[in-house]
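Just so you know, these numbers use all the heavy atoms, side chains as well, and skip hydrogens, waters and symmetry mates. Order of appearance sets the numbers: ligands from 1, and atoms from 1 within every ligand.
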Amino acid sequence: MAEVDAIVVGAGFAGLRALYTLRKLGLRVTVLEASDDVGGVWYHNAYPGARCDVESYDYSYRFSPELEQEWRWTERYAQQPEILRYIHHVADRFDLRRDVLLNTRMTRAEYDEAGARWTVTAEDGRTWTTWMLVLCVGQLSLPKRPDYPGQDLFEGEVVHSGQWPKRKVEWASRRVAIIGTGSSGMQMTPVIAQTAKHLTVFQRTPNYSVPAANAPVTEEEDRQVKASYPARRAQAANSPSGLGFMPNRRSALDDPPEVREQVYEAAYNRLGFGFALAYHDILLSKPANDTAAEFVRRKTAEKIRDPELRKKLVPMDHAFAARRPSVDSGYYEAFNRDNVELADLREAPIVEFTPTGIRTTAKHHEFDLVILATGFDVFTGSLFKPEITGRGGLTLKRKWANGPITHLGIGVNAFPNLFIVVGPGSPSLLSNVLVSTEEQLDWLATLIAKMRDEGIREFEVTAQAEQEWVAHVNERAKETIYPSAQSFYMGSELPGKPRVFMPYSGGVRGYRRLLHQCAEQGYSGFELRKAPAASRPRRQAS
Ligand code: NA7
């Protein structure tokens, strides 16, 4: 059994950053990665049109000024191949690969209370013991597949957007189905529409989208960003969602309609996700949100020629951004093409797959290729896939049976020396996830350095701290429009999942303050122990 100081699970953006950071502290680190290459979701979400919806310069690591200066992004919103090239560059430049074990899926992790160490087991039976266990398994990593009758009978090709095959998938001149209209479906639709013989998009819930306004990065823009990168980073860190956009201080209801129209027009045409901050209360108040929703609906409708299609594609049933909106490049316009059809599943649900296609209650559609853009078991799916057992034999799955319970989204009572990166209870998917990732890992590095210097063997969240944090997460969520819709923020993407608000909606800046405050107060809410808890009188694991 190999002994290390830290096992990091996952070699995506977060896992590689964790490796870099912990290695710098002098820890012996091993990264376990289930796939055959590094890159995480950016390795797997290789569907046509996959693109980041955060600007490239902000969706890149901040830990190395040299890296910032030498990497040249080509587009305002980078496409998946470019992002993967960047991740590979980082892995090579910082010599990270030598500590990454590919094709190594962690299936179990068990905490040994007496020894204050985790025993980690991989699918092939290899084991390690480690002081720290750092989970960088992603929030959108475990693909969710529908289970329509007859799915196995279909004789054409079926692929999932989140597990795009490494072989070439041909869609040109073929009859293609896309099921799902989240970001994945919306991003790939215009690309596939260009060459498919026929494309049918199966929509269950119409989604909001704002234009990406993507463009090549000019030499001048690149020079300008690089001349003031630290300021840009500071702005991102101090903005509510880590995107660098500061909210308009005014309420949407403060301005007369004609002024509001101008504000929305400018934001819509340039800011992508930043549109949601065109006024500070769009995400906080229904009346304010209504003005933004009405604007986006109108702009969307203008892009769609057929009035019947307009009614189906324009979302009317939820507040703007209550579900994760998309940032698209020609999604709605694709429906003006003769070879693109919308299958509205609310009107005519899918009955079954057949050997040649999909039957809805309205008709039979023939396909050569079916693309499942049906999303993921979000937030908890990839955390529950391995069996993680803390003190007293308590598994994470059992502990979280009624929803995730953490302190600050990063630690769990009864699971000492376990650190969850951008998991539930942290800004994660409500933020530029890279900003949140680096923030948390820098915080962890400071904690680990302190532990090592002071001979502290265990950190563990107190039961009280996590109860208070969950209450705080819920309080903050209630101040927003998020709970008003069924969404993966609420655990609604899968039947049977607890309906609780998963991410922290208090913003990146506010969250960072709380992290710092916690550290300044001697890691309030955490017990830092020089001797393992098991060597002292036993407490009840909650
Ligand atoms: P999302 O945003 O979770 O979207 C999944 C979509 O799939 C959504 O429209 C779902 O409709 C639809 N869906 C899910 N299950 C079904 C079934 N059974 N039948 C029909 N439609 C279904 O995931 P994405 O991958 O689009 O986006 C997540 C992020 O990951 C994004 O950043 C991408 O770039 C990558 P529903 O809304 O549930 O009615």
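The option with the heavy atom closest to atom 7 (O) of ligand 1, from among Pro349, Ala373, Gly182, is Ala373. Here atom 23 (O) of ligand 1 lies nearest to Gly375 when heavy atoms of Ser184, Ser326, Ser141, Gly375 are compared.
When all heavy atoms of Met246 and Gln235 are compared, the closest pair comes out as CE-O, 3.9 Å.
Using a 4.0 Å cut-off to heavy atoms of Leu140, the atoms of ligand 1 that qualify are 29 (C), 30 (O). The ligand atoms of ligand 1 that sit less than 4.0 angstrom from a heavy atom of Ile179 are 19 (N), 20 (C), 21 (N). Listed by number with element, the atoms of ligand 1 under 4.0 angstrom from any heavy atom of Lys144 are 14 (C), 15 (N). Per-residue contacts place Asn45 under 4.0 angstrom from the following atoms of ligand 1 (heavy atoms of the residue considered): 35 (C). For ligand 1, the atoms closer than 4.0 angstrom to any heavy atom of Pro146 are 18 (N). Each of the following atoms of ligand 1 lies closer than 4.0 Å to a heavy atom of Phe488: 2 (O), 3 (O).
For the pair Tyr47 and ligand 1, the shortest N or O to N or O distance falls below 3.5 Å. Backbone and side-chain nitrogen or oxygen atoms of Asp53 are examined, and none is located within less than 3.5 angstrom of a nitrogen or oxygen of ligand 1. Of the N or O atoms in Thr181, one or more lie within a sub-3.5 Å distance of an N or O in ligand 1. Considering both main-chain and side-chain atoms, Arg51 never comes within under 3.5 Å of ligand 1 through any nitrogen or oxygen pair.
Checked by atom type, the side-chain pair Asp53/Tyr59 shows no donor-acceptor distance below 3.5 Å. Ser505 and Thr480 share no side-chain donor-acceptor pair at under 3.5 Å. Looking at Arg324 and Asn207, their side chains never bring a donor and an acceptor atom within 3.5 Å of each other. Of the N and O atoms on the side chains of Tyr264 and Glu294, not one donor lies less than 3.5 Å from an acceptor on the other residue.
Contacts of Asn207 with ligand 1, taken as heavy-atom pairs under 4.0 Å, are absent altogether. At a heavy-atom cutoff of 4.0 Å, ligand 1 is contacted by no atom of Glu493, backbone or side chain. Proximity of Phe202 to ligand 1, defined as any heavy-atom pair under 4.0 Å, is not found for any part of the residue. At a heavy-atom cutoff of 4.0 Å, ligand 1 is contacted by the side chain of Leu345 but not by its backbone.
A 6.0 Å sphere centred on NZ of Lys397 holds no more than 12 heavy atoms belonging to other residues, nucleotides or ligands. Residue Arg346 qualifies as enclosed at atom CZ: its count of foreign heavy atoms under 6.0 Å is above 12.
Looking only at distances, no side-chain donor or acceptor of Arg204 sits under 3.5 Å from a matching main-chain atom of Gly180.
Scanning the protein heavy atoms around atom 30 (O) of ligand 1, the nearest turns out to be Phe376 CE1, 3.6 Å. Counting protein heavy atoms only, atom 10 (C) of ligand 1 is closest to Arg204 NH2, 4.3 Å. What sits closest to atom 12 (C) of ligand 1 on the protein, heavy atoms only, is Gly180 CA, 3.6 Å. Of the protein's non-hydrogen atoms, Thr205 OG1, 3.4 Å is the one closest to atom 36 (P) of ligand 1. Remark: minimum distance from atom 19 (N) of ligand 1 to any protein heavy atom is reached at Tyr148 OH, 2.5 Å. The nearest protein atom to atom 31 (C) of ligand 1, hydrogens excluded, is given as Ser183 CB, 3.5 Å; this is a heavy-atom distance. The closest protein non-hydrogen atom to atom 14 (C) of ligand 1 is Thr374 O, 3.4 Å.
Not a single heavy atom of Gln486 sits closer than 4.0 Å to an atom of ligand 1. At least one heavy atom of Arg324 sits less than 4.0 Å from an atom of ligand 1. At least one heavy atom of Arg323 sits closer than 4.0 Å to an atom of ligand 1.
The existence of a salt bridge linking Asp442 and Arg17 is confirmed by a sub-4.0 Å separation between a basic side-chain nitrogen and an acidic carboxylate oxygen. The pair Arg232-Glu55 counts as a salt bridge, with a side-chain nitrogen and a carboxylate oxygen less than 4.0 angstrom apart. In summary, Lys497 and Asp377 engage in a salt bridge, as defined by a charged side-chain N under 4.0 Å from a carboxylate O. Here Glu439 pairs with Arg62 in a salt bridge; the nearest charged N to carboxylate O distance falls below 4.0 Å. Between Glu475 and Lys478, at least one side-chain nitrogen of the basic residue sits less than 4.0 Å from a carboxylate oxygen of the acidic one, meeting the salt-bridge criterion.
Trp73 and Tyr86 have tilted rings, their planes meeting at an angle from 30° to 60° on a 0 to 90° scale. By the 30° and 60° cut-offs, the orientation of the rings of Tyr489 relative to Phe501 is tilted.
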